[in-house]
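Since we're looking at a predicted model, the values are computed, not measured. The first residue in the sequence is number 1, and the count goes up from there.
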Amino acid sequence: METIQATVDQPKRIGLPWGSFILCVVAYLFGGTASTLMATYLPLAVPQLLGESASADQVSQVGSWVSAAFLYGWMTGGLLFGPLADRLGRVRALSLATALCGGAMLATAFVPNEYVLFILRALTGAGVGGILLISTVYLSEVWPVPSRPVALGVLATTFPVGIVATGALASGFSDWRAAFGIGILPVVVAFLVWLFLPESAMWQRGRAKTSAVKPNLFSLENRANLISGTLIFGSVLIGLWGIFSWLPTWIQSLLPIGQSGQTERGITMMLLGVGGIAGGVASGFLVATLGPRPTLLLTFTGCICACGLLFLTNQSFSPVIYAEVALLSLFFGISQGSLSSYVPTLFPVSIRATATGFCFNVGRLFTATAVLFVGALTVAMGGIGNALVVFSAAFMIAFGTVWFRK
């Protein structure tokens with residue numbers, strides 16, 4: 001995939017903007033927690049909201065809608081907050097996205113039924129979509145060029161750190177409503193971002209240039225990267241979120257009837273996070289050593305093999321599953337670390353947030369729709385493990401796109 005190098009138009013600074021980095025990292029971390037907290041408690045929350053008379057098929061279908069609502073919200077937030085960040089500024093948009101994420105999480109603690117839960121998960125997803133997009137674009141503009149890839153790589157690893165925090169919450173809180181009280185913390189972070197984060201000087205200069213020449217997102221020079229980035233990222237998300245959303249439920253299905261599975265599900269989510277952190281750190285070194293294309297091909301091959309190993313060789317729960325989950329999450333982390341730091345460099349500053357948001361979030365439309373069918377596939381294919389194997393085929397699409405895109 002051809003790239004347009006990020007503009008080296010960087011304002012002179014004394015030292016590094018550590019304050020900006022820390023606030024972006026904390027917001028990004030809560031994005032990881034918000035994304036996976038409901039998936040961890042899904043086997044408990046949905047039956048509680050539906051009532052004891054709900055059938056297994058009803059619980060499965062509602063769980064699909066909960067996951068899809070979050071992804072639809074994530075897509076919408078990423079698409080809307082991109083243009084908002086290009087027009088109003090990175091700092092204001094990031095503050096609004098973080099406040100939306102935290103407020104919706106906090107409200108989830110008091111949700112009365114599944115319909116309100118759908119709405120709140122969509123709003124949470126919108127906030128997360130804005131956080132991940134804007135913090136990446138913002139740091140790519142305010143951090144000095146020489147160490148910028150390292151900073152963006154570390155930023156990408158904080159999402160799985162949030163997943164680890166989700167596992168810790170699941171292990172420490174048996175009440176899912178109490179766990180969602182953590183939403184107060186992103187609200188506090190949003191105020192800190194609004195008050196203390198300096199606006200991107202690069203955005204300010206780019207905004208002045210935009211008034212003279214209006215950039216075109218779908219122009220010939222941007223079109224190839226836009227299509228390829230959207231297809232690759234979207235395919236990866238279908239596989240990743242189908243598995244992330246339903247892995248705790250799959251773990252529960254392998255346990256004896258009546259066993260709570262709280263510890264097993266919590267450890268699984270923590271392993272997803274730890275593996276993602278290691279993969280995110282490794283992604284920078286792999287890209288620097290092998291280049292972007294070989295790294296992505298290697299990563300998608302690993303995802304395909306690890307999914308087959310995990311979901312086709314286990315009929316009951318055993319500790320071996322922990323090792324296999326860790327292996328899978330390692331490749332997940334490499335893919336997200338590579339793509340998250342790579343895509344923003346494809347586009348000029350004036351449309352960077354909008355174009356990156358397009359690539360990151362149009363794929364989520366297909367992802368959210370695909371995740372809806374996990375419940376139906378579970379019934380049709382005789383088990384959630386078989387359904388997740390089907391979703392892992394999305395990594396083959398990503399592999400093929402990279403392979404044929406020279």
[X] (side chain) donor-acceptor with [Y] (main chain) under 3.5 angstrom:
X	Y	value
Glu324	Ala306	no
Trp203	Asp86	yes
Arg92	Ala85	no
Gln336	Gly280	no
Arg90	Ile134	no
Ser235	Phe395	no
Thr33	Phe30	no
Ser329	Leu271	yes

Any side-chain heavy-atom pair of [X] and [Y] under 4.5 Å:
X	Y	answer
Thr136	Tyr28	yes
Gln48	Trp176	yes
Phe358	Leu226	yes
Cys24	Leu94	yes
Leu310	Leu388	no
Phe391	Cys307	no
Phe70	Val66	no
Leu80	Leu84	no

Please round to the nearest 0.5 Å and tell me the distance separating atom [atom1] of [X] and atom [atom2] of [Y].
X	Y	atom1	atom2	value
Leu44	Gln252	CG	CD	7.5 Å
Leu71	Ile238	CG	CD1	10.0 Å
Phe399	Ile232	CZ	CD1	11.5 Å
Ile131	Ser95	CD1	OG	10.0 Å
Leu272	Leu240	CG	CG	9.0 Å
Cys303	Met396	SG	CE	11.5 Å

Minimum heavy-atom separation for [X] to [Y], with atom names?
X	Y	result
Ala34	Cys101	CB-SG, 3.7 Å
Val111	Leu117	CG2-N, 3.3 Å
Leu42	Ser67	CD2-OG, 4.5 Å
Cys359	Phe233	O-CB, 3.9 Å
Gly102	Val187	C-CG2, 3.7 Å
Gly129	Trp74	CA-CD1, 3.1 Å

Apply the test ring-ring contact (aromatic ring centres under 6.0 Å, His included) to residues Phe21 and Trp18: give CA-CA distance (whole Å), side-chain angles for both, the deciding distance (0.1 Å), then the verdict. CA-CA 5 Å; Phe21 178 77; Trp18 287 111; 5.8 Å; yes
Could you walk me through whether Leu247 and Phe311 satisfy the side-chain contact (heavy atoms from CB on, under 4.5 Å) test, starting with their C-alpha distance in whole Å, then the side-chain angles of each, then the deciding distance to 0.1 Å, before giving a yes or no? CA-CA 10 Å; Leu247 188 60; Phe311 298 119; 3.9 Å; yes
Can you tell me if Thr295 and Ser338 form a side-chain donor-acceptor pair at under 3.5 Å?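 The criterion, which ignores hydrogens and geometry beyond distance, is not satisfied for Ser338 and Thr295.
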Before giving the answer on side-chain contact (heavy atoms from CB on, under 4.5 Å), spell out for Leu49 and Asn113 the whole-Å C-alpha distance, their side-chain angles and the decisive distance to 0.1 Å. CA-CA 5 Å; Leu49 292 174; Asn113 54 56; 5.5 Å; no
Between Tyr322 and Phe317, does the ring centre distance come in under 6.0 Å?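 Yes, the ring of Tyr322 comes within the 6.0 Å limit of the ring of Phe317, centre to centre.
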Run the side-chain contact (heavy atoms from CB on, under 4.5 Å) check on Glu264 and Ile321 step by step: do they pass? CA-CA 10 Å; Glu264 289 82 0; Ile321 289 178; over 6 Å; no
Does the side-chain contact (heavy atoms from CB on, under 4.5 Å) test come out yes or no for Met75 and Leu79, once each step is laid out? CA-CA 6 Å; Met75 173 201 68; Leu79 291 174; 4.0 Å; yes
